[in-house]
Amino acid sequence: MANRIIEPLNVITLLFICNYFYTGFATTRDTVHFLKPGDVVENDKPGLQIFCHSANLKYLIHMWRSLTMHLNINIDNYDLYNGKTPEEVRKKHDDNQRSWSINLFNTKKDNKLKISPFEDVCIGVHVYPLNLPKYTMSMTETRVDISALTLMLLGATIYWSARKLSGNSLFYYLVCIMLGITTSVIILVYFFSKFLLRGKMMYLVVATGWTMSFYLIQMLWENIQLIVIQYREWVTWYILLTSCISFVICYRFGPVTNVRTKKLIEWSLQIGGLITMYHSSYFREASSFCCILIILLYNFPIVIIQKGRRYW
């Protein structure tokens, strides 16, 4: 009887020792590569490989510049880690490899990793020895990121047109329909989770705490695109139905007529526009300056123009 109890303990101990030594072996073989735009690094070794980029100097002409790391790999069994230094990446990797819990330090797997050109960034790629670990990592530079420039213009337009939009009936109905669709999806997910997490599954979530809950939400969010593609007709009919219901409710109560309510909507739109402008560029100082500039031009246009003429 004692031998039967000792044997499983020996197996567990042996697995733990193997996992520990494998982690140490993998981390000793890691290599740090510093990339610049246009560089391509090919790797055929297992273990952790770290790819870093050193921060560039900040110039105003580089306000909408962005960098992208392209990972060309043919397998799915790999882990990604991000950090500002190689030591931070190694620490996240070691914490995951030495624990039996769910890997919460992993970066979302993506073949295109957009990074800031003005910060020190490191990406760690860990490939297990059982796979064929041949892959390449390259870096490309976008001098003017169209998506970032579009966000800046969109935020400025929202801020400048907030007063008109707060009293526009068409904008009111569009926003109400979008809020109705979003709220219905949240309610549907809530009831679905209550139905799913019953019995033993509920005890598992309670025992593991927020770790399992966060993992389930992350899996659902990552697979939402697949759900939309597979059940396209159902999703379309659901959006149409919720849009009609939201429109009927908004039409019943009518557009906003209270002056203070319109003012609150205007301020909310302006805050949203400023947040959009701030996050449109990795050059935070320049985007903050644009936010301050549009606030001054919106609130004190005549005074600024007159002072500018006097200075000139």
Side-chain angles (χ1 to χ4, degrees), residues 37 53 55-69 108 110 112-121 140-183 185-186 221 225 239 243 246-247 250 255-312:
H53 171 263
N56 296 333
L57 296 177
K58 295 181 179 181
Y59 297 102
L60 192 59
I61 59 175
H62 300 156
M63 181 174 177
W64 292 292
R65 177 171 293 185
S66 65
L67 297 176
T68 306
M69 285 187 177
K108 182 181 178 181
D110 196 350
K112 293 182 180 181
L113 303 169
K114 187 175 287 188
I115 62 175
S116 171
F118 310 112
E119 296 179 359
D120 294 332
V121 180
T140 58
E141 181 184 35
T142 305
R143 294 185 179 274
V144 179
D145 195 338
I146 301 300
S147 60
L149 181 59
T150 304
L151 280 178
M152 174 63 73
L153 296 176
L154 178 63
T157 303
I158 292 174
Y159 183 89
W160 203 269
S161 307
R163 183 172 299 175
K164 294 181 180 179
L165 291 175
S166 61
N168 190 290
S169 300
L170 179 61
F171 178 77
Y172 166 77
Y173 286 115
L174 289 176
V175 171
C176 289
I177 289 172
M178 292 176 62
L179 287 176
I181 295 173
T182 306
T183 306
V185 170
I186 294 174
W221 179 255
Q225 185 176 2
I239 293 175
S243 300
S246 301
F247 176 78
C250 295
V256 178
T257 57
N258 188 276
V259 178
R260 293 185 177 180
T261 305
K262 288 183 178 181
K263 207 66 179 177
L264 290 174
I265 296 174
E266 178 186 348
W267 292 342
S268 301
L269 290 173
Q270 288 179 340
I271 292 173
L274 292 176
I275 293 174
T276 304
M277 292 178 62
Y278 178 77
H279 289 283
S280 64
S281 173
Y282 290 111
F283 195 168
R284 301 303 188 192
E285 292 84 356
S287 60
S288 300
F289 173 76
C290 291
C291 293
I292 296 173
L293 182 61
I294 195 173
I295 291 173
L296 293 176
L297 290 174
Y298 184 82
N299 293 284
F300 313 102
I302 300 176
V303 177
I304 292 176
I305 293 173
Q306 289 177 352
K307 287 186 178 181
R309 287 178 178 175
R310 292 174 185 174
Y311 179 78
W312 181 258

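This structure is a prediction, so every number in the text was calculated from the model and none was measured.
Residues A286 and L60 come closest through the heavy atom pair CB-CD1, 3.9 Å. Looking at every heavy atom in both residues, N258 comes nearest to T261 through OD1-N, 3.2 Å. Across all their heavy atoms, A148 and S280 have their closest contact at CB-O, 2.9 Å. When all heavy atoms of S246 and I181 are compared, the closest pair comes out as OG-N, 4.2 Å. Closest heavy-atom contact between K262 and G167: CE-CA, 4.3 Å. The two atoms that bring H53 and S116 nearest to each other are ND1-O, 4.2 Å, heavy atoms only.
Interatomic distance, W64 CH2 to S147 OG, rounded to the nearest 0.5 Å: 12.0 Å. Note that the CD atom of Q270 and the CH2 atom of W160 stand 10.5 Å from one another [nearest 0.5 Å]. In this structure, CZ on R260 lies 12.0 Å from NZ on K263, to the nearest 0.5 angstrom. Put simply, OG1 on T142 and CZ on R65 are 10.0 Å apart, with the number rounded to the nearest 0.5 Å. The CE atom of M63 sits 10.5 Å away from the CD atom of E285 when rounded to the nearest 0.5 Å. The CG atom of L174 sits 11.0 Å away from atom OG of S169, with the distance rounded to the nearest 0.5 Å.
Side chain of S287 to backbone of R284: a donor-acceptor contact under 3.5 angstrom is found. With hydrogens and angles ignored, the 3.5 Å screen pairs a side-chain donor or acceptor of D120 with a backbone N or O of A55. Judged by distance alone, the side chain of S166 and the main-chain N or O of R163 form a donor-acceptor pair under 3.5 Å.
The aromatic rings of Y159 and Y298 sit perpendicular, their planes meeting at an angle over 60°, well past the 30° parallel limit.
Residues that satisfy the side-chain contact (heavy atoms from CB on, under 4.5 Å) test with I158, not counting sequence neighbours, are L154, L269. Taking the salt bridge (Lys or Arg N to Asp or Glu O under 4.0 Å) definition, one finds that K164 meets it with nothing, sequence neighbours left out.
Using a 4.5 Å heavy-atom cutoff, the side chains of F247 and C176 are not in contact.
Checking each of Y282, F283, F118 against H62 for a side-chain contact (heavy atoms from CB on, under 4.5 Å) leaves exactly one that passes, namely F118.
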